[in-house]
Amino acid sequence: MNAQQIRQFNHDLLDWFHTRGRRLPWRETTNPYYIWISEVMLQQTQVNTVIPYYNQFISRFPTPDALAEAPEQEVLKCWEGLGYYSRARNLQHGVREVVEKYDGRLPKQKDELLSITGIGPYTAAALLSIAYNEPEPAIDGNLMRVLSRVFLIDDDIAKQKTRKKFEKLASDLIIETEPAAFNQALMDIGATICRPKNTDCSECPIQRYCLAYDEGAQLEYPVKSGKSKPRLLHYAVLLIQDEQGRYLIERRPDKGLLAGLWQFPMMAIDEYETGPRQESYVQDRYGCMVSPVEQSFSYTHRFSHLIWKLTIREGQGPVRKKLKERQRWSALSELENYPFPVSHQKVTEWIKNNRHNHT
DNA sequence: AACACGGGGAA
DNA sequence: TTCCCAGTGTT
């Protein structure tokens, strides 16, 4: 595009945004801290899912100090069900850095933003453009999809290098006047019009610039290399109760999958190995027996990169083992005080619906 | 550069 | 079912 076309492109884009752009809670504020929270929540998570979490979160942690001082478990509880829990941990870690190094105010330099835990290239650019009105293109999956169609770019968007290419392209398009609106307009188009499958080109304010539309090739873009199939893992979920009927729960390790969240004890099951080894595992670890092979309840939980097949087994006999640091007895009614992954919230629901020896 | 990391919504 | 998503940190 030449300079004149770029001006017209911006005009069409921004004009549409001001009349048809979405009204969202984090667009009602100029507080960089709130915008930061919204951007982190929106990573890999859709707007409608985020809205209630965002409102609750800023109400609970209205200032960087409030978040910095909160117990991590409380932050995770507010994040419960949102997924990618390292985002919450990194956000709090980053806020603590901001409180210590920058007196609680987000810096305005790109390199300083990038040095903060949880702020990567996208979030730094989003903060610069949305909170500080700097002409910085915020390249995410949405923008890459829209721009790959408009300009027929067939580079693999799964590659890191490709993001830089879009960065450069968008840098040439973005103008000084309204950088926040530029980014948010393209995000809104990506989310509501230029969708991955069901495109709605008749509503698109930049249809006249779109080369893919000209060729009817919208669905050929963006090009993205294939993902490997998720692995299947079998687990027994152990329902172990003490004499008061409380359930044994454990806190997961501080790193890795679902870090720091609570769950019922899980025992990996090798599909081709049964019996004695498992029994001794439970005996050693929890000091009780569990019901044998017959399953009371079984279901699968799908993550993006793996699948859990979970089968509930009930503990039997006295529990002698002393609790370890990361273990607790919890009454059924108290489980809601702990952050649980959705996969184990399903277990709680099953208990409530199928067992009657509650405490 | 490749991989780990959740969950919900859409088709 | 399958695919997708306002990414970042680790290896």
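Every chain is numbered from 1, with letters handed out A, B, ... down the list of sequences.
Between the CZ atom of A:Phe303 and the C1' atom of C:dC5 there is a distance of 17 Å, rounded to whole Å. Between the OH atom of A:Tyr53 and the C1' atom of B:dG8 there is a distance of 10 Å, rounded to whole Å. Rounded to an integer number of Å, the gap from CD of A:Gln43 to P of B:dG7 is 16 Å. Atom CZ of A:Arg89 is separated from atom P of B:dC5 by 12 Å (rounded to the nearest Å). Taking atom CG on A:Leu113 and atom P on C:dG7, their separation rounds to 18 Å, with Å as the unit. Rounded to an integer number of Å, the gap from CG of A:Leu143 to P of C:dC4 is 18 Å. Between the CG atom of A:Leu306 and the P atom of B:dC5 there is a distance of 7 Å, given to the nearest Å. Look at CD1 on A:Ile51: it is 15 Å from C1' on C:dC5, rounded to the nearest Å.
Remark: the backbone N or O of A:Asp156 is paired with a side-chain donor or acceptor of A:Thr162 at under 3.5 angstrom. Between the side chain of A:Gln327 and the backbone N or O of A:Lys324 there is at least one donor-acceptor pair closer than 3.5 Å. Proximity of a side-chain donor or acceptor of A:Arg87 to a complementary backbone N or O of A:Tyr84 within less than 3.5 Å is detected. Between the side chain of A:Ser171 and the backbone N or O of A:Glu167, at least one donor-acceptor pair lies under 3.5 Å.
In the hydrophobic cluster analysis, where Ile, Leu, Val, Met, Phe, Trp and Tyr join through side-chain heavy atoms closer than 4.5 angstrom, A:Val150 is grouped together with A:Ile6. At a threshold of 4.5 Å between side-chain heavy atoms, the hydrophobic network of Ile, Leu, Val, Met, Phe, Trp and Tyr places A:Ile157 and A:Leu173 in one connected group.
When heavy atoms are screened at a 4.0 angstrom cut-off, A:Arg163 is found touching no nucleic acid atom at all. Using a 4.0 Å heavy-atom distance criterion, A:Tyr122 is classed as a base contact. Among the atoms of the strands shown, none is found under 4.0 Å from any heavy atom of A:Arg252. A:Trp26 comes within contact range of at least one nucleobase, with a heavy-atom separation under 4.0 Å. If you check every strand for non-hydrogen atoms under 4.0 Å, A:Val47 touches a base. If you check every strand for non-hydrogen atoms under 4.0 Å, A:Leu82 touches a base. A:Ile35 comes within 4.0 angstrom of nothing in the nucleic acid, heavy atoms only. Residue-level contact check: A:Gly190 touches neither bases nor backbone, having no heavy atom under 4.0 Å from any strand.
Below 30°, between 30° and 60°, or above 60°: for A:Trp308 and A:His344 the angle between ring planes is above 60°, a perpendicular geometry.
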Tabulate protein N/O versus nucleotide N/O from nucleotides 9-11 of chain B, keeping only pairs under 3.5 Å, one per line.
unit_1	atom_1	unit_2	atom_2	d
B:dA11	OP1	A:Asn198	ND2	3.0

Please list each protein N or O that sits under 3.5 Å from an N or O in nucleotides 9-11 of chain C, with the distance.
unit_1	atom_1	unit_2	atom_2	d
C:dG9	OP1	A:Gly118	N	2.2

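Regarding contacts with the backbone of B:dG8, every side-chain N or O of A:Arg302 stays at 4.0 angstrom or more from both OP1 and OP2. Residue A:Lys346 places none of its side-chain N or O atoms closer than 4.0 Å to OP1 or OP2 of B:dG7. Side-chain nitrogen and oxygen atoms of A:Lys224 include none within less than 4.0 Å of the OP1 or OP2 phosphate oxygen of C:dC4. Close to B:dC5, at under 4.0 Å from its OP1 or OP2, lies a side-chain N or O of A:His305.
A gap of 15 Å separates the P atoms of B:dG6 and C:dT11, to the nearest Å.
A stacked arrangement is assigned to A:Tyr84 and the six-membered base ring of B:dG6, with a centre-to-centre distance below 5.5 Å and an interplanar angle below 30°.
Aromatic pair A:His301/A:Phe303: centroids less than 6.0 angstrom apart.
Each of A:Tyr247, A:Phe264, A:Tyr286 was checked for a side chain to side chain contact (heavy atoms under 4.5 Å, CB included) with A:Leu238, and the lone residue meeting it is A:Tyr286.
There is a side-chain donor-acceptor pair under 3.5 Å between A:His93 and A:Thr117. Between the side chains of A:Asn353 and A:Glu349, not a single donor N or O lies within less than 3.5 Å of an accepting N or O.
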